[in-house]
Amino acid sequence: MTGLEQDTYQFETDEGKIQYATFRLEGEFFGVDVLRVQEILLGQEMTPVPLAPDYVSGLINLRGQIVTAIDLGRRLTNRPDAASTDSNNLVVNTGDGTVSLLVDEIGDVIEVDKHLMAPVPPTIKSIHIEYLKGVCKLDDELLMVLDVERILDNRQE
Amino acid sequence: MGQHDDLIQIFIEESRDYIDLLDQAIVKFENEPDNKALFDEIFRAFHTLKGNAGLVGMKKFEKIAHVTEEILTDIRDGKIEISADIITFLLDSLDRLKVLHEAIEEHETDAGEEIESPQAPVVVPREATAPATDRTEQPDTEQAADAKKNAPAADGAVPDEIVAEDGSWGLFPENQPNAGAPSGAQPEEIVAEDGSWGLFTENISKPGQQPAAAADTAPPQSGNTTPTQQGEAKNNGSTQKTDVGSKWNKAESAIRVDVGLLDKMMNLVGELVLARNQIVQFSTSQENANFHATTQRLNLVTSELQESVMKTRMQPIGNVFNRFPRVVRDVARDTGKRVALKIEGQETELDKTIIEGIRDPLTHLVRNAIDHGLEDPETRTNLKKDAQGTLILRAYHEGGQVNIEIIDDGRGIDPEKIRNKAVERGLLSFDQAKNLSDRDAINMIFRAGFSTAEKVTNISGRGVGMDVVKTNIEKIGGTVEIISTQGKGTTVKIKIPLTLAIIPALVVTAGSQRFAIPQINLLELVSLEGEDVNAIENMGDAEIYRLRGKLLPIIRLKNILQLEDDDDTPGDTVNIVVLGADDTQFGLVVDLIHDTEEIVVKPLDKHLKEIGSFAGATVMGDGKVALILDVVGLAETARVALEKNQSFADHKEGTDLSDEYSHTLLLFSVADEDQYALPLSLVSRLETFPASAVEQAGNREVIQYRGTIMPLLRLENHLPIRPMPQSETISVLTFTVDNNDVGFVVNEILDVIETSEKVNSSALQQTGILGTIIIDGKITLLVDAFRIIQAEFPEWFNRKGEDIVRTRPRILVVDDSHFIRATHRAYLESVGYQVVEARDGEDALEKLSSEDVDFIITDVEMPKMDGLELGRNIRANKKFGHIPIIAVSSLNDPEKIQASQEIGIDDYLIKLNREEILSSIQRLLEEAQSVAA
C-alpha cells in the first residue's frame, strides 16, 4: 500500500499545503494529488474492452504501455452517456499501476491549505461519495478530492 | 566490504548447485551404495561446501558440512557401513544446510539461524577398537570453538606449501582463520587471476586444509587418523583437480547472468518487436526499395534476437525434476509406500519463469500421487500389482507447448466418490452431480473447497488444495487435467506454453474490432462460402457445424462479446476459427481473418482480468491496442451463456410442456460410444441373433427370420458414422413396410426412454436423419429409418406405379415440427398411405388448394394458423370441406377438445400413437367412402 503512504505524506508537505491537479466533470470541481499525475493527453485512440464494466472506456497505447481508461463521468456520477472519444486523459499512477481518467475539462494545479480539508458531506447527491477522500472548501466553490485507489476498486460495487 | 558481498553471492550461487547435486546424488547413492564415483562426488561436495563456508565465515554451515564430511571419511575408510540411517543422516545434514543457505541468501549470514548440527547416526564400527561414539559424535560447541582456535595454527603450517603448488592461492588460507571478516582485496585478486567462479572449488581441493580441520574436530584418535587422511586427501585432491579442470572449461563458455537483466532484455526485445512490427507495416506504404531492404533486414535480425534472448531464459525442466527423487523418497518413507520413480524428458526446455512457476504445483502433485494415488505395498500385493508402485514424471514438447505428465499406477480416482463429495460440499446439486460425466467429475477435484483426502495427512493436506495447483498452473498460462482409471492409476496432464512474453497469434476482426488469438489454441481455419454458409446448424439454442463428421459447437465472437453489429446482413463468407481449449474444441465465427503476428503480451488491469475472456492486450503494428482472446475463458463464457439459454429454454418448456409431444424413443448404439434414437412406435420388434446367423444373399446380408428371409441393413452404409465393431451377437431392429420385414443391425440396444426434449430438425437436411435430440447431455441423432429403407427398397414404397394416386389414400400431415411430420410419414407410408406435408395451417390450406388430399392429420398448436383455425377454414371451404380431419396433440385441454368437436374435427387424439391414429384413419376413411357412396 505504498500509494496510501504516499498520500499521507502528501497531506503533510511543507507549510501544510497540498497541491491538487484539478478538473471538471459534469460541472463539478475535482482534484487529484498532483504527484500522482503522470501526464495529460488529449483525444487518445481507444480500444474498447467488450464485457468490461461500463466505467471502463477502453485501452490506450501510451508509448508501448497499455493503460486502462476510466470513464470518470460514469464512475463518479450517474451520467448515462459514455465519455466522448476526445475527452481529456488525466494519466495517474495508482498502487495497481497506471490508469487514465477521462474528464470533461482540465483545470489548473492549485495549492490548498491543509486545514481546509474536510470530510465528505453525506448530503452530496450527484456524486458517488465513496470515491472521494474529502472536500476542500475554497472561497468560491467546493473542491472534491478524488481517492484514486478506490476508483479502481471493484469491491466498491 | 563490496568484495565480501560478492564473495557471499558467489558462495550462495555455488552452494546452491552443490546442494542440488547432493540432493540427487544421495538418493541415488542409497540405491547404489557400491558406486564409488558417486560416493566420491558426495564426499567432494560436502568437502567443498565446508571449505567455501569457511572462506566466507559461515560457521554454522561449515560445521554441519564438516561433521558430515567426517562421517563420510569414516565410510570411505571402511569404518562405518552404509545403512539407511547413514543416508538419512546425510539427507538430514543437507536439509540443515538448505535452511542455512536460505538464511544466508536472505541475511548474508548464518549466525541468526537456530540450527544444530545433525545428530550422527548410531553406526556399527567395523574396527572393534574404534570407539564409535567418539568418532561419530558431533563435536560440541567447545570442540568447534577449539577448531577455530586451532585453525590458524594448522593453516599457518601449510601456506608455503600451497603457494608453492599454486602461486595464486597463497593468500587464501590466511583468510580462513578470520573467515568472519575476510579482507576485501583478496577475493578480487583471485577472481581476476582465475577468471572464473571456480575459486572455491579449487581452493578446497588444496591439501592440508581439510586434514587440519579434520584434526581439530576428531579429538581422540585424530593423531592416528590424520596422517592417512591427509594422504588420502591429497589423492583425493588430485583426482578432484581433473574434475575441476573440466568444470573450468565449462565455466569459460558459460557465465552467470542476473535474471533481472535477462528479464529486462526480454522486455526491451518485446518493445523492439513492437517497433519492428510498426515499421514493417509502415514499409508497405513506402516505395523506396532501400527502405524495404533495410526493413527486411531489421525484421530478420529482430526475430533472431528475440529468439536468442528467449533462449537465454530457457532451462531444462530437469532443474525441477531433479528434486523429485528426494521428494519421492521422503514421502514414500513417511507413508510406508514403495515407489519407483521414472523421470523422462528432463532435457525439455522451458522459460525460466515458467520453470519456477511449476515447481510448487508439481511437488504438490507428486506428493499427492504417492500419498493418495499409490496403495501401500500390502494392498498392492493383494491386488496382484507389483508391491512397488511406479510414478512417472514425463515432459515433452508438443506443438509449441510443453506437456508434463505425472503418472501413477495406483488406485485411481473414483468418480462416484467425487460426485458424492461435491454434493456433500455443496459444490453441486444432486442432479448436476448425477449428470456429470466421469471425466468432469474427476476434474472436480480442482474446484476450490474440494479436498479428496478423506483424512488430511501431513503429506498432502498442507492447506494447499488442488485448486491452488490449478490456479498456479493457469497463472503461467497452462492447463491441467486428470485422467484416471479406477484401479489402474491416474495421469495428471499439464500443458504449459514455452514462454509467455512474445507469442505468435492470429489476428481476427469481429464487429470492427481486432483481436489476437494465441496460435497455440488454433487448430484450423474453415471458410464457408456461397451455399455452404448455411451449413451451420441450430441445435436447441446452440449452433453447430459438422467438421468432417464431428459436431463442432459454434461460438460467434460478436455475440459472446456482445459487440455491436455494424452490418446485420449475413455475408457471403463465414469464417470459422477452429480452436482447442483443454480438450474441447469449438468454432469461433469472426468477420475477418488476418495474418499471424508475433505479439507481445501485456497484462490487463485486474478489473479487466476478471472478465475472463481476455488473456491480455498487445500493441499492433499500427500502434493500436488489440485484446488477446483467452480461449479457455471464452469457452467458459460461452458455456455459461449456453447454460443460461438452456435453463431459459428449460423453463419455457416447463411452463407449457403440453405444447410438446413426449416421444418414446429407442436408444441404440452402432459404434462404441455413439448414440442414436428412433421413435419406438415405428419399430416392429427387437431381436438378437448370433452373428453367425447372418448370411449373404447376392450383395445383401440376410437372416432367416419367422420362416422368411429378412434383409438386413447397416446404418453405417447410409449415414456418415463409424462402422460397427465385430461382435458375436447382433441386435436387430425390425421394421415392417407394406408387409415386408427389414432389419437394422445395431451394436447395442441401450434403452427406451420417454422424453419431452425438443427435437431439432429444422436445419438437418441429411437423408436418413430426422434431427438431433439431447439425451442425458449427449447429442443423439434421430434416425429416419423409413427414409433409409426407401433408399434401399424403393419398390416397397412405389409399387404399381401410376395408379397409386387413386388406390392409395393421400394424407396431409400438418405440423410445425419436421420431426413429427417425418414420424407420421414413416408409419403412414409403411402401411401404404401417401403423405403430403404442411408446416402450419396456412401452408396446409395452400397444399389443399393445389393437391388432392383424402385425409388430414393436424397438430393443434402451430404458428401462423393453429389446428383449430385450420379446421374452421377447411370446414368453411366448399371444395375440401368434407375431408376427414383428426387433430393430434399432447394438449389435453377440454376446452380445445370441445372446440374441435364444434368445428367439426372428426377426432382428437391426445398422443402420437401409431395404432390409435391408424385405426382412426381407417374408420374415418371408410365412413367418408360410405358417405360418398
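Per chain, numbering begins at 1; letters A, B, ... match sequence-line order.
Residue contact with chain B, scored on non-hydrogen atoms closer than 4.5 Å, is absent for A:L62. Neither the backbone nor the side chain of A:V67 comes within less than 4.5 Å of any heavy atom of chain B. Residue B:L561 touches chain A through both its backbone and its side chain, counting heavy-atom pairs closer than 4.5 Å. Of the atoms belonging to A:V56, it is side-chain heavy atoms, and not backbone ones, that fall under 4.5 Å from chain B.
A salt bridge between A:E149 and A:R36 is present, with a side-chain N of the basic residue lying under 4.0 Å from a carboxylate O of the acidic one. For B:E543 and B:R556, the salt-bridge test passes: some basic side-chain N is under 4.0 Å from an acidic carboxylate O. Between B:R514 and B:E597 there is no salt bridge, since no side-chain nitrogen of the basic residue lies less than 4.0 Å from a carboxylate oxygen of the acidic one.
Counting heavy-atom pairs closer than 4.5 Å to chain B, the top residue among A:L51, A:T47, A:I60, A:T68 is A:L51.
Side chains of A:H128 and A:T77: a donor-acceptor N/O pair is absent below 3.5 angstrom, by distance only. In summary, the side chains of B:T295 and B:R276 do not present any donor paired with an acceptor at a separation below 3.5 Å, with no hydrogens or angles considered.
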